[in-house]
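Order of the sequence lines sets the chain letters (A, B, ...), proteins ahead of strands, with each chain counted from 1. Values reported hereafter were calculated over all heavy atoms of this structure, with side chains retained and with hydrogens, waters and symmetry mates removed.
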Amino acid sequence: MRHNGASWKLPGTSVSASMTERRKQFPFAEFEPRWQRHWDEHRTFSVPNPGEPGFDPVKPKFYVLDMFPYPSGEGLHVGHPEGYTATDILARYKRMRGFNVLHPMGWDAFGLPAEQFAIRTGQHPSVATARNVERFKAQLKKIGFSYDWRREINTTDPEYYLWTQWIFLRLYHAWFDPEANAARPISELAEKRRGELPDESAADLRAFLDRHRLAYVSEAPVNWCQELGTVLANEEVVDGKSEVGGFPVVRRPMRQWMLRITAYADRLLEELEGLDWPESIKALQRNWIGRSEGAEAHFQIDGQPESITVFTTRPDTLFGATYVVLAPEHPLVPTLTSASQRAAVEAYQTQVAAKSDLERTDLAKEKTGIFTGGYVINPVNQEKVPVWIADYVLATYGTGAIMAVPAHDERDYDFAQKFGLEIRPVVAPAKPVEGCFTGEGTSINSGFLNGLATPDAKRRVIERLEQQGSGRRTVNYKLRDWLFSRQRYWGEPFPIVWRDGRHEALPEAALPVIPPPLEDYRPTGTIEPPLSKARDWIRLPDGATRELNTMPQWAGSCWYYLRYLSPHEHGRFVNAEAERYWMSGGKPGGVDLYVGGTEHAVLHLLYSRFWHKVLYDLGYVSTIEPFQRLVNQGMILGQDNHKMSKSRGNVVNPDDVIADYGADALRLYEMFMGPLEATKPWSMSGVEGVYRFLARVWRLVMEEDQEGRWQLSRTVTRQALTPAQRKVVHATIQKVTGDVEALAFNTAIAQLMIYVNEFTGAEVRPVEAVRTLLLLLNPFAPHLTEELWEQLGREFAPEFPGLVSGQRWPEFNPAYLAEDQVEVVLQVNGKLRDKITVHKGLENEALEKQALSSPKIQEHVAGKTVRKVIIVPDKLVNVVAG
RNA sequence: GCCGAUGUGGCGGAAUGGCAGACGCAACGGACUUAAAAUCCGUUGACCCGAAAGGGUCGUGCGGGUUCGAGUCCCGCCAUCGGCACCA
């Protein structure tokens, strides 16, 4: 018998033969590549844009997007295909439902690893990048994803980053108009300014405009990582170390490009509301933006003309402010410091400056600080209070100064306790509290605020401050402007030149600005970027010099979903008609479904939303948000329940899974593991389980002849379905349709297994049942279903035309699900005691009578009084007895 | 500390307030086979009573509550994971 395929095994070899030596249960290794080639050659999944040949304007559109990968040298791991399989199933399903489906893929290919590889080899990073892209693409194609590969993009392609640079110029040439709450061309601001100040010098006007651009130059302290030779965004610094590599990061002032994302803080917050995103991701973004309402109050410096402005969310506690604290870096520290304290203050400043961010936060539980010797005047009661400096006050938040209310703020309380400062209660809690009370209550010891509830007191005191001109209502954000330049080679160069110490935008005609080839890609070891080595490239003929920084890796991913819409468009970053078509839908966001990992919850997703809003304000796109619905796929752990890592040796490579079980089994298992959003461990036994399921599907249709060749099974006939079979068929259509819409793929697959189990034991397999199965299974297992569809077409041509992926999704008929008999559960006091079968729609009274006449029910109510009978028609009867 | 998510068999996981454990894995038994693998059929939450047929009790992290009825809703804890963390 040919089933002995593995019987040549040598004695002494392991009992469990690896799948590669074991005979495959169905010839996936033969037909999977064949169908992949077919789809490729026939461009089966290409979708035209409006106006292109073959475009069907009647169909609704569906834009389903994956977070594109960074093509690392490592290749794919099984975590990548999880989200990709989910979107692919939905894309294939939506096509069968008659949608124009946009389902593209591309490469986020700028980044440090390729640059470091270039440093090691001296080879241009584009070479390694191209190689990695080819590898990733081949791997993805082996899984049978239905991407429209004609729309493939690569952020390192000059044709692509030309438009990244172009968008940067839009930011550079724009400002945020607070009245319109939107970005406007900077030319409008210039015009307005000339109207207001006609005599202003050109240089002053220029400086004014430069202060308002959405892309601007700042000298502020930045996160400098010596090891990486670059600055990093706040978001890229974790616990005082670089997110990439874990190298030390120090703060130092440098001239850097910034993007004014803070101008959009409110819109980024409010416009989250209309999006179908997980609440947890919205919460992360809200938290990152960190909006807090409060007031600024000015404290006049005793004996000096200047005043200190503090920010507080509790202006109602102003009467309890017994001292003021400045961040050690605050510019007014020298002004305040008395001669006798000067040495001590400077020593403290030096000590703080030497601390890393980590030491200043996590490790510094014990408060430190020092008295400046200066005093300020409390604006509500004219009280003279001492001014301290302490590193628990952050220079980068609010005004870098606080009024300390130790009775009602934990941090101030700790500090006051340590340094013996006055603690004066000004808010009475509803119930007495020990120590520091930070909640709301009633104002006491607070002059004109006495007796007011906290919200009223806040309002009243702000009114007073505003009348006096000593403060105002204000809002603060944790969100900082986005540090947008990096000292790297392998990134987009800025379309900026410098002349006489001033920056100038290059004209659009000068784009793309292509990085020069270098002999040596190493960091310079100083703050000079690697591009400084390209002496000839730097100097332009007209005497200007190029900007030497490059953009961060986030730049390209900020707008890639737009380039897919018209990847080969010349003259514009996106074709306007294509943009209107694919991003339309009457909802705030344009992409219908976006699937990716949680790791991008704040960075990529916030930056993209920001750029998108700028483009919207300037009239370049038609929606206010990029992504309508967002789903995060969960992490896939190794078989040992730990995060997959090389060092643990628990990494599962999809290529190996495909070699042993096929792409369809990989896809099916990725989805069968559990809910898409959940974190869950890999299991090779689980893969075998779905592999066996696919083999059963195969053998439903195919059987082996004497020579072991696969041929169409004689059990497949044009026989009609039995009522029971028809019920399973239609119940499955209903369940799978609903589950796919809800992205509940694991339960959809479970239902398909029930379907197959129903027919596995059957003597004959009605061809109609097989046909419906192939339609329902196609989005999950496209190769197997395509192959069986073709095989069946030889015998049953009318039922199996063309490709299965080109067919209409089946509809279920509720009439076939209706039953005239239903099983009703009988309970006594909520406990199951019996089940009876009755006619569907049986009247309550009749049902109750039948239930009470059940011997088992009678047994359980014996000796008790029936107090009540709860009836759920066609479902349940609960007899309450006692 | 704050915010968010998650706790269900040996394992992955199912369950519009109405039969807890669908489906799969693993395990066990049977058929086929000289034998094994593969395949097919069956059993499988725990405990108790019974020779058996069958019957009973308990059971969704813990403690309360609402309800005729709670894995599901409410209150209070505990644990694990993720994020933020002196943000005034």
Undergrad: Considering every strand and a 4.0 Å limit on heavy-atom distances, what is the contact class for T396(A): base, sugar-phosphate, or nothing?
TA: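 Nothing, no heavy atom under 4.0 Å.
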Undergrad: If only side-chain N and O atoms of T598(A) are considered, is one of them under 4.0 Å from the OP1 or OP2 phosphate oxygen of rG83(B)?
TA: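 Negative; the distance criterion is not met.
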Undergrad: Would you kindly give the CG-to-P distance between L752(A) and rG24(B), to the nearest whole Å?
TA: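 Taking atom P of rG24(B) as the reference, CG of L752(A) is at 12 Å.
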Undergrad: Using the side chain to side chain donor-acceptor pair (under 3.5 Å) criterion, which residues pair with Q639(A)? Sequence neighbours excluded.
TA: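 Q639(A) satisfies side chain to side chain donor-acceptor pair (under 3.5 Å) with no other residue.
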Undergrad: Checking N287(A) now: which residues fulfil side chain to side chain donor-acceptor pair (under 3.5 Å) with it, not counting sequence neighbours?
TA: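 N287(A) satisfies side chain to side chain donor-acceptor pair (under 3.5 Å) with no residue once adjacent residues are dropped.
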Undergrad: Taking atom C1' in both rC62(B) and rC25(B), compute the distance separating them and give it to the nearest angstrom.
TA: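 One C1' to the other, the span is 30 Å.
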Undergrad: Pick the closest RNA chain B nucleotide for N829(A) and for V690(A) by heavy atoms, then say which residue is nearer the 5' end.
TA: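 Result: V690(A).
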Undergrad: What interatomic distance, in whole Å, is found between C1' of rC86(B) and the corresponding atom of rG12(B)?
TA: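 Looking at atom C1' only, rG12(B) and rC86(B) are 43 Å apart.
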Undergrad: Base of rG21(B) relative to its sugar, syn (within 90° of 0) or anti?
TA: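 rG21(B): anti.
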Undergrad: In whole angstroms, how far is the C1' atom of rG82(B) from the CG atom of L603(A)?
TA: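 Interatomic distance, CG of L603(A) to C1' of rG82(B): 15 Å.
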Undergrad: Without decimals, in angstroms, what is the distance between K24(A) NZ and rU39(B) P?
TA: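 These atoms are roughly 15 Å apart.
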Undergrad: Applying side-chain hydrogen bond (donor to acceptor under 3.5 Å, both in side chains) as the test, list every pair that has at least one member in residues 859-869 of chain A; sequence neighbours left out.
TA: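 Matches after skipping sequence neighbours: R833(A)-H860(A).
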Undergrad: Return the nucleotide paired to rG17(B): Watson-Crick means purine N1 to pyrimidine N3 with N6-O4 or O6-N4, wobble means G-U with N1-O2 and O6-N3, both under 3.5 Å.
TA: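 Checking every strand shown, rG17(B) finds no partner, since no pair has both distances under 3.5 Å.
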Undergrad: Would you tell me if any nitrogen or oxygen in the side chain of R692(A) comes within less than 4.0 Å of OP1 or OP2 on rA26(B)?
TA: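 R692(A) to rA26(B) OP1/OP2: side-chain N or O found under 4.0 Å.
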Undergrad: Let's test this: given Watson-Crick or G-U wobble pairing with both distances under 3.5 Å, identify the partner of rC73(B).
TA: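 Base partner found: rG65(B).
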Undergrad: With a non-hydrogen cut-off below 4.0 angstrom, is G689(A) in contact with a base, only sugar-phosphate, or nothing?
TA: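 Sugar-phosphate, backbone atoms only, no base.
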Undergrad: Before you tell me yes or no, could you show the steps for F693(A) and Y669(A) under ring-ring contact (aromatic ring centres under 6.0 Å, His included), namely the whole-Å CA-CA distance, both residues' side-chain angles and the distance that decides it to 0.1 Å?
TA: CA-CA 11 Å; F693(A) 162 70; Y669(A) 180 66; over 10 Å; no
Undergrad: Is there a Watson-Crick or G-U wobble partner for rC2(B) with both distances under 3.5 Å, and which nucleotide is it?
TA: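 rC2(B) is paired with rG83(B).
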Undergrad: Can a side-chain donor-acceptor contact be found between T368(A) and Y348(A) if the only test is distance below 3.5 angstrom?
TA: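 Judged by distance alone, the side chains do pair up.
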Undergrad: So N757(A), base contact, sugar-phosphate only, or nothing? Heavy-atom distance under 4.0 Å.
TA: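 Sugar-phosphate only.
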Undergrad: Taking the P atom in each of rG17(B) and rA51(B), what is the distance between them to the nearest angstrom?
TA: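 To the nearest whole Å, 45 Å.
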Undergrad: Considering every strand and a 4.0 Å limit on heavy-atom distances, what is the contact class for R696(A): base, sugar-phosphate, or nothing?
TA: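 Here R696(A) touches the backbone only, sparing every base.
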Undergrad: Could you work out the separation of rG24(B) and rU43(B) based on their P atoms and round it to a whole Å?
TA: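 Their P atoms lie roughly 13 Å apart.
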Undergrad: Applying a 4.0 Å non-hydrogen cut-off, can you work out what L284(A) is touching in the nucleic acid: base, sugar-phosphate, or nothing?
TA: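 Result for L284(A) = sugar-phosphate.
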Undergrad: Taking only distance into account, with no hydrogens and no angle test, what donor-acceptor pairs under 3.5 Å do side-chain atoms of residues 750-758 of chain A form with protein atoms, sequence neighbours excluded?
TA:
{"from": "Q751(A)", "atom 1": "NE2", "to": "T732(A)", "atom 2": "OG1", "distance (Å)": "3.0"}
{"from": "Y755(A)", "atom 1": "OH", "to": "A769(A)", "atom 2": "O", "distance (Å)": "2.5"}
{"from": "N757(A)", "atom 1": "ND2", "to": "M753(A)", "atom 2": "O", "distance (Å)": "3.3"}

Undergrad: Report the base-pairing partner of rU43(B) (Watson-Crick or G-U wobble, both distances below 3.5 angstrom), or none.
TA: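 Looking at the geometry, rU43(B) pairs with rA27(B).
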Undergrad: Using heavy atoms to find the nearest nucleotide of RNA chain B for N287(A) and E279(A) separately, return the residue whose nucleotide is more 5′.
TA: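 Result of the comparison: E279(A).
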Undergrad: Roughly how far apart, to the nearest Å, are rC68(B) and rU16(B) at atom P?
TA: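 Roughly 23 Å separates the two P atoms.
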Undergrad: When you get a sec, tell me which of rG83(B), rA26(B), rC3(B) is the closest nucleotide to the side chain of A283(A)?
TA: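 Closest nucleotide to the A283(A) side chain: rC3(B).
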Undergrad: Apply side chain to side chain donor-acceptor pair (under 3.5 Å) to R286(A) and list each qualifying residue two or more places apart in sequence or on a separate chain.
TA: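 Counting only residues at least two positions away or on another chain, R286(A) forms a side chain to side chain donor-acceptor pair (under 3.5 Å) with E273(A).
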Undergrad: Check the interface with nucleotides 56-60 of chain B: list each N/O to N/O pair with the protein under 3.5 Å, or write none.
TA:
{"from": "rU57(B)", "atom 1": "OP2", "to": "R833(A)", "atom 2": "NH1", "distance (Å)": "3.4"}
{"from": "rC58(B)", "atom 1": "OP2", "to": "K831(A)", "atom 2": "NZ", "distance (Å)": "3.3"}

Undergrad: Mind checking who rU60(B) pairs with, Watson-Crick or G-U wobble, both distances under 3.5 Å?
TA: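 Matched rU60(B) with nothing under the 3.5 Å cut-off.
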Undergrad: From the options R667(A), Q633(A), K680(A), select the one residue that forms a side-chain hydrogen bond (donor to acceptor under 3.5 Å, both in side chains) with E82(A).
TA: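 Only match with E82(A) under side-chain hydrogen bond (donor to acceptor under 3.5 Å, both in side chains): K680(A).
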Undergrad: Tell me the interatomic distance from L637(A), atom CG, to rU80(B), atom C1', rounded to whole angstroms.
TA: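 After rounding, the gap between these two atoms is 13 Å.
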Undergrad: What pairs of residues pass the salt bridge (charged side-chain N to carboxylate O under 4.0 Å, His left out) test when at least one of them lies in residues 871-880 of chain A, not counting sequence neighbours?
TA: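 Residue pairs passing salt bridge (charged side-chain N to carboxylate O under 4.0 Å, His left out), neighbours aside: none found.
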Undergrad: Can you tell me if the side-chain N/O atoms of Y392(A) get under 4.0 Å from OP1 or OP2 in rA88(B)?
TA: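 No, no such contact exists.
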Undergrad: Taking any heavy-atom pair under 4.0 Å as a contact, classify R867(A): base, sugar-phosphate, or nothing.
TA: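 No contact at all - R867(A) keeps every heavy atom at 4.0 Å or more from the nucleic acid.
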Undergrad: Strictly under 4.0 angstrom, non-hydrogen atoms only: write out the protein contact profile of nucleotides 6-21 of chain B, one letter per nucleotide from the 5' end, B, S or -.
TA: ------BSS-B-BB--
Undergrad: Compare the minimum distances between each of rC68(B), rU39(B), rC23(B) and the side chain of Q25(A), then state the nucleotide with the smallest one.
TA: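 So the nucleotide nearest the side chain must be rU39(B).
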Undergrad: So what's rA52(B) paired with, Watson-Crick or G-U wobble, going by both distances under 3.5 Å?
TA: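 Pairing partner: none.
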Undergrad: Answer yes or no: does atom CD of Q821(A) have more than 12 heavy-atom neighbours from other residues, nucleotides or ligands under 6.0 Å?
TA: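 It does: Q821(A) CD has more than 12 such atoms within range.
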Undergrad: In whole angstrom, give the distance that lies between atom CG of L826(A) and atom C1' of rG69(B).
TA: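 My rounded result for the distance is 14 Å.
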Undergrad: Check the distance between rC84(B)'s C1' and I289(A)'s CD1 and give it to me in whole angstrom.
TA: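 Interatomic distance, CD1 of I289(A) to C1' of rC84(B): 14 Å.
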Undergrad: Over how many whole Å does the gap from D414(A) atom CG to rG1(B) atom P extend?
TA: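 Checked: the CG to P distance equals 14 Å.
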Undergrad: Taking everything shown except R424(A) itself, do over 12 heavy atoms lie less than 6.0 Å from its CZ?
TA: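 Yes.
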Undergrad: For the NZ atom on K643(A), are there more than 12 heavy atoms of other groups (residues, nucleotides or ligands in this structure) within a distance under 6.0 Å?
TA: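 No, because the 6.0 Å sphere around NZ of K643(A) holds 12 heavy atoms or fewer from other groups.
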Undergrad: Is any side-chain N or O of K478(A) under 3.5 Å from a base N or O of rC84(B), one able to act as donor and the other as acceptor?
TA: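 Not at all, since no donor on one side and acceptor on the other fall under 3.5 Å apart.
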Undergrad: Round to the nearest Å and state the distance from R480(A) atom CZ to rA85(B) atom P.
TA: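 After rounding, the gap between these two atoms is 12 Å.
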Undergrad: Going by side chain to side chain donor-acceptor pair (under 3.5 Å), name the residues that satisfy it together with K835(A), two or more places apart in sequence or in a different chain.
TA: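 Scan of K835(A) (side chain to side chain donor-acceptor pair (under 3.5 Å), adjacent residues dropped) gives none.
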Undergrad: Between rC73(B) and rU67(B), how many Å separate the two C1' atoms, rounded to a whole number?
TA: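 Per the computed distance, 10 Å lies between those C1' atoms.
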Undergrad: If the P atom of rG71(B) is compared with that of rA20(B), how far apart are they to the nearest Å?
TA: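 To the nearest whole Å, 9 Å.
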Undergrad: Report the base-pairing partner of rA36(B) (Watson-Crick or G-U wobble, both distances below 3.5 angstrom), or none.
TA: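 Across any shown strand, rA36(B) pairs with none.
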Undergrad: For a quick check of understanding: with a heavy-atom distance under 4.0 Å over all strands, which category does S280(A) fall into, base, sugar-phosphate or nothing?
TA: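 Sugar-phosphate contact only - S280(A) comes under 4.0 Å of backbone atoms but never of a base.
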Undergrad: Can you tell me, in whole Å, how much space there is between the P of rC49(B) and that of rC41(B)?
TA: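 Comparing P positions in rC49(B) and rC41(B) gives a spacing of 35 Å.
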Undergrad: To the side chain of R699(A), which of rG4(B), rC40(B), rA88(B) is closest?
TA: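 For the R699(A) side chain, the nearest candidate turns out to be rC40(B).
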